[in-house]
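Following: one structure in C-alpha cells, then a few remarks.
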Amino acid sequence: MTFVRRSVLTICFTILLACVAPRIGPGPRVAPRIVIAQTSSPAPARANQQNAYSLSPDKLAKAIAISRIRNIMDIVGGLWGLAVLWLLLASRAAARLEAWAQSITARRWIQGMIFFAAFILITAVASLPLDWFSQHVERSYDISVQGWGSWLGDQGKSLGLSLLIGAPVLLLFNWIVRRWPRRYWFGIWMATLPLLVLSIFAQPLLEPIFNKFEPLSKNHAGLVTELEKVVARTGTNIPPDRMFLMMASVKTNGLNAYVSGLGATKRIVVWDTTAGRVPDDEVLFIFGHESGHYVLHHIPKLIAGMAFALFFIYWACAGFAAWLARRFGSRWQLGGSENATPLASRAGFVVLLFAISGAGFVLEPINNTFSRHFEHQADVYGQEAIHGLVPDPQKTAVSAFNHLGEAWLEDPNPSPFIEFWEFNHPSVQTRAIFAQNYDPWANGGHGEFFDK
Ligand SMILES: [Zn+2]
C-alpha cells in the first residue's frame with residue numbers, strides 16, 4: 001500500500017537524487033511499510049469511534065516508542081543527507097575529488113564516472129550508521145527478522161544498483177549543465193520525464209535482486225481464485241500469472257501487498273507474511289486498494305504532477321544553486337573559469353544536488369499531502385471493490401487495518417505535525433474509522449466508483 005512512496009519517492013527520487021542517498025532497493029526504512037501514516041485531521045473526537053484501531057497495552061507502549069524513533073529518524077535522515085553534501089562542499093572534498101579524477105584520465109566522461117561513483121559511495125557510507133540504527137530498532141521490536149549478513153548484502157546490492165544507474169544519470173545531468181549552462185534546468189527536466197516512466201516500468205525487474213518471488217497460485221490457489229473475482233469486478237487486467245508471492249518472511253514480520261510495474265511489467269505482489277496469515281477477505285481488501293491505484297490512474301497522475309512540480313522545482317533550484325555558487329564558489333574551490341557556470345564542474349554539480357535535495361526535504365509534506373489523498377481514494381475504492389464478495393466490507397476493512405497496524409506497530413494517535421510532515425498514508429486510526437463508517441450501500445445506494 002505504500003504505493004506513492006514506492007512509485008514516486010523510492011524510485012523517482014532514487015533516480016533523481018540518486019545519488020544523494022543511494023537506495024534503489026527496498027532498504028529497511030523505505031521498504032514497504034504499508035500502513036503508515038495519518039491524515040492531517042486530528043484524532044477522532046467521538047468516543048464510539050475512537051477504537052476502530054486499537055492495540056493491547058503492551059503493544060501500544062511499543063508502538064508509541066518505536067513511532068517516536070521512526071519519526072525522529074525520518075527527519076534526522078533528511079537533515080543528515082543535506083549535511084553530508086554541505087560538508088563535501090565546505091571541506092573542499094568535492095573539489096579535491098574532482099581534481100583526483102582529472103589526474104587519473106584525460107577522458108572527460110571517465111573522469112565524470114569516477115567522480116560520481118566515488119560520490120555515491122561516499123554518501124552511501126555516510127548514511128550507513130543511520131540505516132544501521134534503524135535496522136537495529138526494527139529488529140529489537142521484532143518487526144525485522146533479517147540477519148545482519150543478509151542486511152549488509154542488501155545494502156551492497158543497493159549500492160551496486162545506485163552505482164550502475166545513478167552514476168550515468170548524474171553524468172548525463174552534469175553534461176546537460178555543461179552543454180546548456182543557462183537553460184540547463186529545462187534540459188534536466190526533459191531528461192527526467194522518460195526516466196520517471198522507465199523507473200516505474202523497471203521496478204518489478206529490479207525487485208527480484210532483493211527478494212524471492214514465486215507464482216501466487218503455487219501455494220495459494222484458493223486465494224488466487226478469490227482475487228480473480230476482484231479482478232473481474234474492478235476490470236483490471238491482471239491474470240493469475242501476474243500474481244506473485246514475495247518471500248518476505250525471511251526478513252520481516254510486517255504485512256504487505258502491492259501492485260507494481262507498468263504495462264508489460266504490471267503485477268500484483270502479496271507478501272508471504274500476509275497470504276495465509278491474515279484472512280483471505282482482508283487480502284482481497286488490500287488487493288482492492290492496490291487495484292484502486294491503477295484503476296484511478298494514480299501513476300499517470302503522479303507522473304504528471306511530479307513533472308509539473310519538477311519544472312518549477314528545477315527552475316528554483318537552479319537559481320538557488322547559482323546563488324550558493326556565487327556566495328561560496330571560491331571558498332569551496334568549485335573552479336569555473338573555463339566553465340560558463342561553476343555548477344558545470346563536477347564539484348559544482350554537487351551544489352545543484354544539494355539544492356534539489358533541500359527542495360525534496362522541504363517539499364516532502366506537500367508530496368505527502370497528495371499521497372494521503374490518493375491513498376484515501378484507494379481505500380474507498382478497495383472497500384467498494386470487495387462489496388458483494390465478502391460478507392461485510394466494513395468489518396473486513398477495519399480488521400485489515402488492525403492487522404496491518406499491529407504488525408508494523410503503528411501508533412494509534414500520532415501527533416498532527418508528524419502526520420502532516422512525514423505520513424504518506426492517512427493514519428491507521430483515520431483509515432479504520434473511515435472504513436467503519438463507510439456504507440454507501442445502506443438504503444439502496446451505491447459507492448463512488450461502482451454502480452452496485
Ligand atoms: Zn496505497
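Within the 3.5 Å criterion, the main-chain N or O of Lys395 finds no donor-acceptor partner in the side chain of Ser399. Remark: side-chain polar atoms of Asn256 are not paired, donor with acceptor, to backbone N or O of Trp271 under 3.5 angstrom. When atom types are taken as modelled, the side chain of Gln429 and the backbone of Tyr53 share a donor-acceptor pair closer than 3.5 angstrom. Glu410 places no side-chain N or O within donor-acceptor distance of the main-chain N or O of Leu404, the cut-off being under 3.5 Å.
Of the N and O atoms on the side chains of Thr234 and Tyr294, not one donor lies less than 3.5 Å from an acceptor on the other residue. Remark: the Glu375 side chain and the His289 side chain contain an N/O donor-acceptor pair separated by less than 3.5 Å.
Looking at Ile238 and Lys266, their side chains come closer than 4.5 Å, going by heavy atoms from C-beta outward. Taking 4.5 Å as the limit, some side-chain heavy atom of Phe434 sits within range of a side-chain heavy atom of Val380. No side-chain heavy atom of Asp411 sits less than 4.5 Å from a side-chain heavy atom of Arg70. Within the 4.5 Å cutoff, the side chain of Lys251 has no heavy atoms near those of the Ser144 side chain. At a threshold of 4.5 Å between non-hydrogen side-chain atoms, the residues Ile303 and Ile200 count as touching. Side-chain contact check for Trp185 versus Ile356: every heavy-atom pair is 4.5 Å or farther apart.
A salt bridge is defined here as a Lys NZ or Arg NE, NH1 or NH2 lying under 4.0 Å from an Asp or Glu carboxylate O, and Asp142 with Lys62 fails to meet this definition.
Atom CG of Asn237 has 12 or fewer neighbouring heavy atoms from other residues, nucleotides or ligands inside a 6.0 Å radius. Applying the 6.0 Å contact sphere to CH2 of Trp315 captures no more than 12 heavy atoms from other residues, nucleotides or ligands.
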